[in-house]
Number of protein chains: 2
Amino acid sequence: MNAPSKSIAPNCSDCPIRHRAVCARCEGEELERLEEIKYYRSFEAGQTIIWSNDKMDFVGSVVSGVASLTQAMEDGRTQMVGLLLPSDFVGRPGREGSAYDVTATTDVVMCCFRKKPFEKMMRETPHISHRLLEMTLDELDAAREWMLVLGRKTAREKIASLLSIIARRDPAQVAQPASKAVAFDLPLTREAMADYLGLTLETVSRQVSALKRDGVIVLEGKRHVVVPDMDRLLEEAGDDSDGGHLI
Amino acid sequence: MNAPSKSIAPNCSDCPIRHRAVCARCEGEELERLEEIKYYRSFEAGQTIIWSNDKMDFVGSVVSGVASLTQAMEDGRTQMVGLLLPSDFVGRPGREGSAYDVTATTDVVMCCFRKKPFEKMMRETPHISHRLLEMTLDELDAAREWMLVLGRKTAREKIASLLSIIARRDPAQVAQPASKAVAFDLPLTREAMADYLGLTLETVSRQVSALKRDGVIVLEGKRHVVVPDMDRLLEEAGDDSDGGHLI
DNA sequence: GAAGCCGGTTGATCTGCATCAATGCGATGC
DNA sequence: GCATCGCATTGATGCAGATCAACCGGCTTC
């Protein structure tokens with residue numbers, strides 16, 4: 001399963017995430033060097049991509065699918081601390097291990113770079129480290145915005161916040177950002193949503209049902225969500241109508 | 001109040017936070033250039049250092065005192081998303097504004113660099129941007145660890161977690177890290193603690209009293225805390241005994 | 001030294017979410 | 001076609017923490 005899959009973007013120029021990933025501004029010789037240390041890996045839903053405290057010998061970006069960062073307490077309580085959607089970066093250049101478990105929540109394809117040579121390139125190519133600092137600052141903003149969600153929002157607001165993020169990041173919406181109505185597939189089980197929101201899966205289920213009952217969302221099956229009025233959803237999330245700036 | 005205070009470290013070499021701050025590895029000419037763009041600012045307890053969405057024309061580090069990063073919802077609910085203790089960095093190089101309010105919770109002295117020239121130095125001095133990336137990754141780790149606190153811990157565990165962080169970062173402890181017993185002054189009101197923990201101030205007060213009743217902490221006055229057994233406190237926090245790696 | 005204020009404590013009550021438990025429902029296997 | 005399994009829904013009940021309210025002690029102000 002982890003063999004390079006040559007059917008996906010054979011080089012960085014064709015890489016579907018190139019526009020947002022680290023190689024965004026690389027060209028010519030630089031790009032060739034990135035090619036050399038680049039490879040693709042596929043993971044099945046549920047598979048662990050990295051164990052916390054593992055040595056990580058790569059960094060990379062999600063090409064397709066959804067992965068999650070999870071922290072656990074010894075007694076089994078867990079909290080998802082990040083959601084990795086396509087183009088999101090994984091890895092801690094300059095650090096040995098990972099601080100959290102990374103798990104594929106759907107089938108995932110990642111574009112990876114071997115770590116040592118990537119770090120070497122970073123040192124020699126200022127705009128790569130600049131880009132990494134920018135991405136890390138974005139992640140920090142997202143994490144802190146999520147702290148507000150976890151600490152102060154009600155269960156209903158939490159669900160609405162999560163749905164807004166997923167809606168905003170969904171490839172279909174990004175292509176057509178103007179419309180009020182949006183539709184997308186939920187890439188998370190009720191349990192994963194609960195883990196992200198600091199709730200139980202029963203509460204998630206109840207609040208999703210409530211939002212459906214109140215016409216804020218329409219469910220087609222368990223996973224396909226239609227949002228007739230995105231502004232309404234953002235209002236339910238307690239955000240100002242522009243939707244904040246979560247990643 | 002905001003005039004440079006020349007009684008504090010007249011240059012970077014003497015700066016009390018130099019060992020952890022951005023200039024940690026600067027020498028000779030570099031250090032002189034940092035000197036030129038460096039200045040100190042003092043703030044009184046309660047004073048706002050930066051409003052969210054303000055243009056920030058500086059970056060800097062806390063020299064003494066405690067400041068906090070706060071996010072607010074329109075309806076008035078607020079969540080503290082970060083605590084700035086001495087040596088912590090404030091600012092978003094490459095970004096225009098701030099994403100959150102920064103407030104002095106005690107009297108604060110900051111060591112600031114004017115932003116434009118600092119960014120120029122960053123571009124020309126790779127180890128400064130490297131250091132910034134490191135610091136940002138640390139902050140991200142801390143933010144994510146705090147998400148676990150907010151999402152999954154009980155009120156009692158939250159209080160214990162906060163006390164552990166403050167204890168671990170207190171200058172007196174850093175000097176003498178081996179002892180089991182520690183003592184420190186709480187730099188936060190009960191309300192500020194509540195804001196950080198996603199609780200109400202009444203709950204904070206009750207749980208502090210409970211920890212005191214159970215002998216986990218001893219209070220001398222309202223603000224001076226003695227922890228007879230740090231391991232016990234970490235256990236109450238639900239951390240493994242080495243105490244995690246919060247900043 | 002009375003009045004007011006701020007930060008803190010404590011009590012009584014309420015409620016949102018957790019917990020425990022049963023059931024539904026589509027997919028997969030034999 | 002029936003058994004099984006994973007995911008989801010729904011109901012009944014309990015409890016941790018919010019809310020509302022009273023009060024305390026130290027500090028400032030006039």
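Just so it is clear, the model here is predicted, and its values are computed rather than measured.
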_Less than 6.0 angstrom from the centroid, inside 45 degrees of the normal: does B/R41 satisfy that with respect to the ring of B/F58?_
yes
_B/R190 side chain vs B/S205 backbone, donor-acceptor pair below 3.5 Å_ = no
_Distance in angstrom units between B/R152 CZ and C/dC17 P, rounded_ = 13 Å
*B/R190 side chain: which of C/dG8, C/dA18, D/dG17 is closest?*
C/dG8
*Separation of C/dG26 P from A/L219 CG (nearest whole Å)*: 14 Å
*What's the CD-P distance between A/E191 and C/dT19, to the nearest Å?*
13 Å
*May I ask you to check whether B/S161 and B/S164 show a side-chain donor-acceptor distance below 3.5 Å?*
no
*Heavy atoms under 4.0 Å, any strand shown: does A/G198 hit a base, just sugar-phosphate, or nothing?*
sugar-phosphate
*Report the distance from atom CG of A/D195 to atom P of D/dC7, rounded to the nearest whole Å.*
13 Å
*Atom CZ of B/R156 to atom C1' of D/dA18: distance rounded to whole Å?*
20 Å
*Taking atom C1' of C/dA21 as reference, at what distance in whole Å does atom CG of A/L201 sit?*
13 Å
Provide a list of protein-nucleic acid N or O atom pairs under 3.5 angstrom, restricted to nucleotides 11-13 of chain C.
from	atom 1	to	atom 2	distance (Å)
C/dG11	N7	B/R206	NH1	2.9
C/dG11	O6	B/R206	NH2	3.1
C/dA12	N6	B/R206	NH2	3.4

*Describe the nucleic acid contact of A/T200 in one word from base, sugar-phosphate, nothing, applying a heavy-atom distance below 4.0 Å.*
base
*Taking the side chain as C-beta and beyond, is there a heavy-atom pair between A/L186 and A/M193 under 4.5 Å?*
yes
*Hey, which of these two, B/K222 or A/T154, hits DNA chain C nearer its 5' end, going by closest nucleotide?*
B/K222
*Calculate the interatomic distance between B/L197 atom CG and D/dG17 atom P; express it in whole Å.*
11 Å
*Do any pairs count as a salt bridge (charged side-chain N to carboxylate O under 4.0 Å, His left out) and have a residue in residues 204-219 of chain A, sequence neighbours left out, and if so which ones?*
A/R156-A/D214
*Nearest to side-chain heavy atoms of A/S205, which nucleotide of C/dG8, D/dC7, D/dT10*: D/dT10
*Atom-pair distance (CE on B/M193; C1' on C/dG7), nearest Å*: 13 Å
*With respect to B/I159, which candidate in B/L211, B/I217, B/L233, B/T203 satisfies the side-chain contact (heavy atoms from CB on, under 4.5 Å) definition?*
B/L211
*For A/V208 and for B/K153, locate the closest nucleotide of DNA chain D by heavy-atom distance; then report the residue assigned to the nucleotide nearer the 5' terminus.*
A/V208
*Ion pair present between B/R77 and B/D195, side-chain N to carboxylate O less than 4.0 angstrom?*
no
_If the cut-off is 4.0 Å, is A/T203 near the phosphate of C/dA18, judged by side-chain N/O to OP1 or OP2?_
yes
